[in-house]
2 protein chains.
Amino acid sequence: MRLTHEQFRELAAEHGLAVTHQRQVVFEAVIASHGHYSPEDIYATVRRRIPSISLATVYNNLRLFIECGLLREVTPHASTLRVDGNLKPHHHLVCSRCKSVRDIEGEFIDFKRLSRHLPDGFDLTQPLVEVFGLCRRCAAKK
Amino acid sequence: MRLTHEQFRELAAEHGLAVTHQRQVVFEAVIASHGHYSPEDIYATVRRRIPSISLATVYNNLRLFIECGLLREVTPHASTLRVDGNLKPHHHLVCSRCKSVRDIEGEFIDFKRLSRHLPDGFDLTQPLVEVFGLCRRCAAKK
DNA sequence: TATCGGATGAGAATGATTATAAACCATCCA
DNA sequence: TGGATGGTTTATAATCATTCTCATCCGATA
Ligand SMILES: [Mn+2]
Ligand SMILES: [Mn+2]
Ligand SMILES: [Zn+2]
Ligand SMILES: [Zn+2]
């Protein structure tokens with residue numbers, strides 16, 4: 001996908017964001033990437049078009065886009081290590097906003113259907129699933 | 001759950017780990033916690049029993065336990081931010097070892113059944129699901 | 001074109017985690 | 001029981017991703 005200057009201007013207006021050259025180029029780099037990349041990756045790409053851009057600007061804009069819902073965060077966990085002493089296989093329910101984690105019971109995965117969509121050789125012997133949403137408290141605030 | 005010295009000794013032997021006092025106390029702290037805590041949290045707990053213990057020891061042993069499968073990591077993503085320009089709702093398949101992320105298609109979640117197990121007020125309007133396993137390459141190595 | 005508030009860039013600061021190296025100690029064996 | 005051995009612990013330094021600070025810049029509006 002390639003955005004015209006005009007399309008990005010409209011998107012930005014919808015979300016109350018000022019239109020700057022850096023912002024447009026960062027956004028386009030992510031959209032065009034078709035992957036799940038890090039800020040450093042994006043930075044490297046964007047520098048080819050704007051050599052003077054700063055890494056902080058990339059971070060700023062990625063955060064901004066994520067908050068607006070213009071981009072999705074692939075790593076929506078707490079940013080620090082958490083460990084679990086519950087060794088019984090179980091799934092987790094995670095709040096995308098406050099990052100709280102709860103155990104969740106129940107057989108709600110259709111493994112037959114899931115396995116049809118797995119890439120060849122992917123090992124799901126001990127499948128773990130995390131479901132993301134908003135906990136009651138965070139849903140109320142929003 | 002509370003482990004006797006003897007039980008921990010057996011567990012450690014099974015996994016080829018030396019038995020030390022610090023190691024036992026760290027492990028017990030996690031098992032007893034019934035939650036999803038950070039190394040700092042565990043450190044605070046363990047210090048009540050071993051005031052001289054070092055934070056590095058807590059990190060060392062948590063890592064070790066996770067590698068052995070004695071504990072589970074609640075945050076099995078890459079430790080740095082990743083962004084996704086694909087705005088279409090979709091799910092992810094994540095390799096627990098190399099942290100690679102792939103999009104996955106298909107309706108393999110039984111939301112009716114899932115919602116029966118949700119805590120009251122949890123908002124799943126835009127559900128995201130991550131399925132963890134081992135990619136072909138990592139499954140081959142192991 | 002002049003003004004103003006938000007955006008940018010360079011570099012410092014922060015915070016989590018890991019690396020280093022010396023002291024320590026669990027285990028094994030004489 | 002004492003002594004060697006190698007893995008473990010500790011204190012601290014180093015690293016790395018990310019955020020902060022603030023001076024400068026620039027896009028939007030009139
Ligand atoms: Mn759990
Ligand atoms: Mn994706
Ligand atoms: Zn929440
Ligand atoms: Zn892998």
Side-chain angles (χ1 to χ4, degrees), chain A residues 5-6 8-30 36-44 46-68 70-71 73-83 99, chain B residues 5-6 8-27 29-30 36-44 46-47 49-68 70-71 73-83 99:
Chain A
H5 196 94
E6 208 42 57
F8 180 74
R9 187 172 291 269
E10 281 173 28
L11 260 184
E14 279 172 32
H15 295 274
L17 299 181
V19 173
T20 69
H21 183 50
Q22 288 87 338
R23 205 158 268 180
Q24 168 154 24
V25 172
V26 168
F27 188 70
E28 282 195 5
V30 180
H36 306 99
Y37 293 100
S38 70
E40 286 281 355
D41 295 331
I42 310 294
Y43 180 52
V46 166
R47 281 180 101 172
R48 296 204 291 266
R49 285 223 259 157
I50 313 179
S52 66
I53 198 171
S54 136
L55 179 57
T57 298
V58 173
Y59 270 98
N60 285 341
N61 286 311
L62 291 181
R63 278 268 161 255
L64 207 61
F65 293 144
I66 289 167
E67 273 163 29
C68 290
L70 285 176
L71 293 181
E73 183 171 0
V74 184
T75 48
H77 275 289
S79 58
T80 62
L81 177 65
R82 297 297 148 86
V83 294
K99 319 299 190 189
Chain B
H5 196 94
E6 209 41 57
F8 181 74
R9 187 172 290 269
E10 280 173 28
L11 260 184
E14 279 173 31
H15 295 274
L17 299 180
V19 174
T20 69
H21 185 50
Q22 287 88 339
R23 208 160 264 179
Q24 169 155 22
V25 172
V26 169
F27 188 70
V30 180
H36 307 95
Y37 293 99
S38 69
E40 287 280 357
D41 295 332
I42 309 295
Y43 180 51
V46 167
R47 281 181 101 171
R49 286 224 257 157
I50 312 179
S52 65
I53 198 170
S54 134
L55 179 57
T57 298
V58 174
Y59 270 100
N60 284 342
N61 286 311
L62 291 180
R63 279 267 162 256
L64 208 60
F65 294 144
I66 290 168
E67 272 163 30
C68 291
L70 285 176
L71 293 181
E73 183 171 359
V74 184
T75 47
H77 275 288
S79 58
T80 62
L81 177 66
R82 296 298 148 85
V83 294
K99 321 298 189 188

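Proteins get letters first, then strands, A, B, ... in listed order; numbering begins at 1 in each.
Rounded to the nearest 0.5 angstrom, A:Glu40 CD and A:Leu55 CG are separated by 5.0 Å.
In this structure, B:Thr57 reaches the bases: a heavy-atom distance under 4.0 Å links it to at least one base atom across the strands shown.
For B:Ala78, the side-chain contact (heavy atoms from CB on, under 4.5 Å) partners two or more places apart in sequence, or in a different chain, are B:Arg82, B:Lys99. Every residue two or more places apart in sequence or in another chain was checked for a side-chain hydrogen bond (donor to acceptor under 3.5 Å, both in side chains) with A:Ser79, and none qualifies. For A:Phe8, the ring pair (Phe, Tyr, Trp, His ring centres under 6.0 Å) criterion is met by A:Phe27, not counting sequence neighbours. Here B:Thr20 pairs with nothing under the side-chain hydrogen bond (donor to acceptor under 3.5 Å, both in side chains) rule; sequence neighbours left out. Under the side-chain contact (heavy atoms from CB on, under 4.5 Å) criterion, B:Ala29 pairs with B:Ile42, B:Thr45, B:Val46, sequence neighbours left out. Taking B:Ile66 as the reference, A:Leu81, A:Val83, B:Arg63, B:Leu71, B:Glu73 meet the side-chain contact (heavy atoms from CB on, under 4.5 Å) condition, with sequence neighbours excluded. For B:Asn60, there are no side-chain hydrogen bond (donor to acceptor under 3.5 Å, both in side chains) partners, not counting sequence neighbours. Residues satisfying the side-chain contact (heavy atoms from CB on, under 4.5 Å) test with A:Glu67, not counting sequence neighbours, are none.
Overall, the helix from C:dT1-D:dA30 to C:dA30-D:dT1 carries an axis bend of 30° between its ends, with five pairs at each end and the value rounded to 10°.
Separating the CG atom of A:Leu17 from the P atom of C:dA7 is a distance of 8 Å, rounded to the nearest angstrom. Between the CZ atom of B:Arg23 and the C1' atom of C:dT27 there is a distance of 14 Å, rounded to whole Å. Rounding to whole angstrom units, CD1 of residue B:Ile50 and P of C:dC25 are separated by 12 Å.
Once you apply a 4.0 Å limit to the heavy atoms of chain B, the touched nucleotides of DNA chain D run 5' to 3' over D:dT8 to D:dT18.
Residue B:Val19 comes nearest to B:Ala12 through the heavy atom pair CG2-CB, 3.8 Å, listed as atom of the first residue, atom of the second, then distance.
Each of A:Ile53 and B:Thr20 lies near DNA chain C, and the nucleotide nearest A:Ile53 is the one positioned closer to the 5' end.
The side-chain hydrogen bond (donor to acceptor under 3.5 Å, both in side chains) pairs that include a residue from residues 8-19 of chain A are A:His5-A:Arg9, where partners are two or more places apart or lie in different chains.
The phosphate of C:dG9 has OP1 or OP2 within less than 4.0 Å of a side-chain N or O from A:Gln22.
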Checklist entry - Using a cut-off of 4.0 Å between protein heavy atoms and nucleotide atoms, how would you tag nucleotides 16-21 of chain C 5' to 3' with B, S and -? => result SSBB--
